[in-house]
Amino acid sequence: MEGNSSRLEQPVLDNDDASNSASDGAQKEIIKNTASDPESPLFWIDRIDSETVELLPYAFCKRHGVVAIDRGQGEKPTASVVCIAKPGIEVFSEIRRRLALPVSFQVMPQTGFEHLLRQAFDKGQSEATQMVSDLDDNIDLDLLASEVPEATDLLEASNDAPVVRLINALLTQAIRENASDIHLEVFEKRSLVRFRIDGILRDIVEPQRAIHSALISRLKVMAKLDIAEKRLPQDGRISLVVGDRPIDVRVSSLPTQYGERVVLRLLDKKGSKLQLSSLGMDNDILASFEELISSPHGILLVTGPTGSGKTTSLYAGLSNLDRKKNNILTIEDPVEYDLDGVGQIQVHSRIGLTFASGLRSILRQDPDIVLVGEIRDLETAEIAVQASLTGHLVMSTLHTNTAIGAITRLIDMGVEDFLIASSLIGIVSQRLVRKLCTNCRQEADPDDRERQLMGEFFQNGEFYRVGGCDVCDYTGYSGRVGIYELITLDDELRTLIHSRASEAKMTKHVRIKSPSLMANGIQRVARGMTSLEEVIRVTQVQ
């Protein structure tokens with residue numbers, strides 16, 4: 001556990017604004033002070049002994065607010081126990097019995113204790129890998145049929161079935177590493193588990209091929225899917241709790257030539273990142289976006305490929321609005337975040353609840369603001385347009401590669417150009433780029449092509465290349481930040497839409513006021529936040 005101390009401290013050490021080098025000294029001073037304070041988790045993290053931690057079950061520690069850190073050294077060792085408040089005689093006796101040593105207690109504030117408790121029961125990055133090696137070929141599938149509660153705290157799970165422990169370990173590790181997806185894939189002679197972290201897939205473990213079906217069955221039981229149906233795709237969801245974090249897991253199974261493969265999408269239901277200020281928009285784009293979401297009527301579209309953060313941006317916008325004075329309704333497939341004060345509807349096409357039918361019903365509920373998860377067809381687009389023209393603000397997403405491409409896409413769907421010109425108020429195009437690890441990024445001189453792409457930004461900024469260290473798992477990147485292009489419709493652009501001007505002509509017009517997605521990304525490169533290769537990768541510039 002000691003070898004992982006740098007990783008455990010990372011959330012405290014992480015600085016979201018890579019360009020704000022002036023605060024580095026103050027940050028380090030704060031860390032130094034908290035690390036020397038017994039009431040800080042950092043004081044104890046380096047001392048965590050995993051064997052000692054295991055002597056007190058997680059459920060016991062969570063219920064009574066205690067965690068055993070180490071058993072001390074020397075001829076007369078004393079066990080160190082951190083607690084929220086000194087325990088009563090019964091709890092003390094149980095701790096003494098389990099540790100079989102004299103005990104010293106250190107009282108810590110509850111917020112710091114909860115962080116320490118999660119870190120103490122973090123089994124380490126290799127837990128899933130270790131469990132794979134422990135599995136044998138004789139799997140009892142009856143063990144997979146155990147009931148899973150609606151919300152299960154994985155850290156409290158005590159089922160010793162190997163497959164159950166492996167699934168719990170994979171879920172816990174993925175959540176800890178901020179993975180967005182877990183892929184369980186099967187091939188002719190092997191099975192593979194991969195995590196999508198910061199938008200990139202990474203191989204994690206290769207379980208025995210013989211137990212792949214057992215892993216899939218376990219996940220299908222948790223998601224309340226039909227484990228006997230292996231020929232058709234199925235979709236479900238799992239509600240989990242890891243520590244104090246509620247997690248929603250979308251489960252998708254798909255039959256392939258050699259068996260079923262499953263993809264799990266992990267969604268943090270707390271929505272702690274749903275703040276406009278945390279999206280990473282530049283000040284001018286942020287001001288324009290706030291103005292658009294405050295409009296009394298019209299359509300605001302957010303475009304980009306799958307996984308580019310479109311829904312997160314829209315929800316961040318909703319969280320910025322006054323939910324007491326506005327009636328806000330959403331229709332989504334699926335509902336990705338829980339937002340208090342917002343009426344949220346889940347699409348259910350099997351019973352006829354589609355985006356179009358749901359949106360039509362929403363308009364009878366006297367809404368002020370409507371969020372449509374995605375405009376997929378002409379019927380939904382036409383209802384959204386009519387809603388915006390009758391005094392509603394409609395926010396939605398669209399799968400296009402550029403902001404102007406959204407206009408062309410709506411026309412291709414069959415929406416009349418004059419309706420688009422009348423209803424559309426703004427379009428945001430976005431991508432997510434990986435942030436350079438500030439611990440190992442390497443300052444360098446760009447070559448001729450890089451200088452050409454950087455242009456004037458290189459003269460006013462810095463240039464870094466990818467490094468690699470244990471903090472970022474030797475990827476050179478840690479976390480992601482958005483890059484954005486925002487277009488607001490003016491009279492001339494509306495005229496161009498009405499006359500069905502070419503996409504190139506409309507793009508030329510908007511570039512006068514709105515920098516491209518690539519230009520916004522290059523600004524991040526010049527601030528040392530990301531690499532030029534990363535911006536080129538997500539914007540597809542050759």
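These figures come from a predicted structure and were not determined experimentally. Keep in mind that the numbers below use all heavy atoms, side chains included, and drop hydrogens, waters and symmetry copies.
The backbone N or O of Y484 lies less than 3.5 Å from a partner atom in the side chain of N520, making a donor-acceptor pair. With hydrogens and angles ignored, the 3.5 Å screen pairs a side-chain donor or acceptor of K310 with a backbone N or O of P305. S253 places a side-chain N or O within donor-acceptor distance of the main-chain N or O of Q234, the cut-off being under 3.5 Å. In terms of modelled atom types and a separation under 3.5 Å, the side chain of D235 and the main chain of S252 share no donor-acceptor contact. A donor-acceptor pair under 3.5 Å links the side-chain atoms of R431 to the main chain of V538, judged by distance alone. D447 contributes a side-chain N or O that, together with a main-chain N or O of R449, makes up a donor-acceptor pair within less than 3.5 Å. In terms of modelled atom types and a separation under 3.5 Å, the side chain of Q173 and the main chain of I175 share no donor-acceptor contact. Side-chain atoms of Q346 come within 3.5 Å of backbone atoms of V335 as a donor-acceptor pair (strictly under, hydrogens ignored). Side-chain N or O atoms of T530 include one that pairs as donor or acceptor with a backbone N or O of R434 at under 3.5 Å. No donor-acceptor pair under 3.5 Å is formed between the side chain of R261 and the backbone N or O of F187.
Remark: I247 CD1 to L240 CG distance equals 7.5 Å, nearest 0.5 Å. Atoms CD and OG, on Q442 and S531 in that order, are 12.0 Å from each other to the nearest 0.5 Å. Atoms CD and NZ, from E114 and K62 in turn, are 9.0 Å apart once rounded to the nearest 0.5 Å. With rounding to the nearest 0.5 angstrom, the NE2 atom of H183 is 9.0 Å from the CG atom of L264. In this structure, CD on E485 lies 9.0 Å from CD1 on I427, to the nearest 0.5 angstrom. A distance of 10.5 Å separates OG of S478 from CD1 of I197, quoted to the nearest 0.5 Å.
Heavy-atom neighbours of D340 CG from other residues, nucleotides or ligands within 6.0 Å: at or below the threshold of 12. By the 6.0 Å contact criterion, CD1 on I227 is open, its count of non-hydrogen atoms from other residues, nucleotides or ligands being 12 or less.
Shortest non-hydrogen contact noted between S308 and L432 is O-CG, 3.5 Å. Heavy-atom minimum distance, T475 versus V466: O-CG1, 3.5 Å. Closest of all the heavy-atom pairs between V372 and S396 is O-OG, 2.9 Å. The minimum heavy-atom distance between L232 and P255, with the atom names listed, is C-CD, 3.9 Å. Counting all heavy atoms, side chain and backbone alike, A406 lies closest to T303 at CB-CG2, 3.8 Å. Here the closest non-hydrogen pair linking F195 and A179 is CB-CB, 4.1 Å.
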Tell me, with the steps shown, if F463 and D445 meet side chain to side chain contact (heavy atoms under 4.5 Å, CB included).
CA-CA 7 Å; F463 189 83; D445 292 324; over 6 Å; no
Dump the intermediate steps for side chain to side chain contact (heavy atoms under 4.5 Å, CB included) on L117 and C61, then the final yes or no.
CA-CA 8 Å; L117 180 65; C61 293; 3.9 Å; yes
Residues R376, D333; criterion side chain to side chain contact (heavy atoms under 4.5 Å, CB included); working and verdict
CA-CA 11 Å; R376 296 177 178 175; D333 184 21; 3.5 Å; yes
Verify side chain to side chain contact (heavy atoms under 4.5 Å, CB included) between M518 and I536, making sure each step is shown before the conclusion.
CA-CA 8 Å; M518 177 71 175; I536 291 172; 4.1 Å; yes
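A salt bridge does not link R250 with D181: none of the charged nitrogens is closer than 4.0 Å to a carboxylate oxygen. Electrostatic pairing of R537 and E533 does not count as a salt bridge here, judged by no charged N lying under 4.0 Å from a carboxylate O. Classification of E534 and K435 as a salt-bridged pair fails, no side-chain N sitting under 4.0 Å from a carboxylate O. Salt bridge status for E443 with R441: absent, with no side-chain N to carboxylate O gap under 4.0 Å. E177 and R202 are not joined by a salt bridge, as no carboxylate oxygen comes within less than 4.0 angstrom of a charged side-chain nitrogen.
Contact annotation: the side chain of R409 never approaches that of I375 to less than 4.5 Å [non-hydrogen atoms, C-beta and beyond]. Between T354 and E379 the shortest side-chain heavy-atom distance does not fall below 4.5 Å. I483 has its side chain within reach of T539: a pair of non-hydrogen atoms, C-beta onward, lies under 4.5 Å apart. A 4.5 Å side-chain heavy-atom check between V249 and M222 finds every atom pair outside the cut-off. Put simply, the side chain of P446 does not reach to within 4.5 Å of the side chain of L532, judged on heavy atoms. In this structure the side chain of L99 reaches within 4.5 angstrom of the side chain of V81, judged on heavy atoms. Contact check for V67 versus I69: side-chain heavy atoms found under the 4.5 Å cut-off. Here the side chains of L371 and T311 are not in contact, with every heavy-atom distance at 4.5 Å or above.
Remark: E260 engages K220 in a salt bridge (Lys or Arg N to Asp or Glu O under 4.0 Å) (not counting sequence neighbours).
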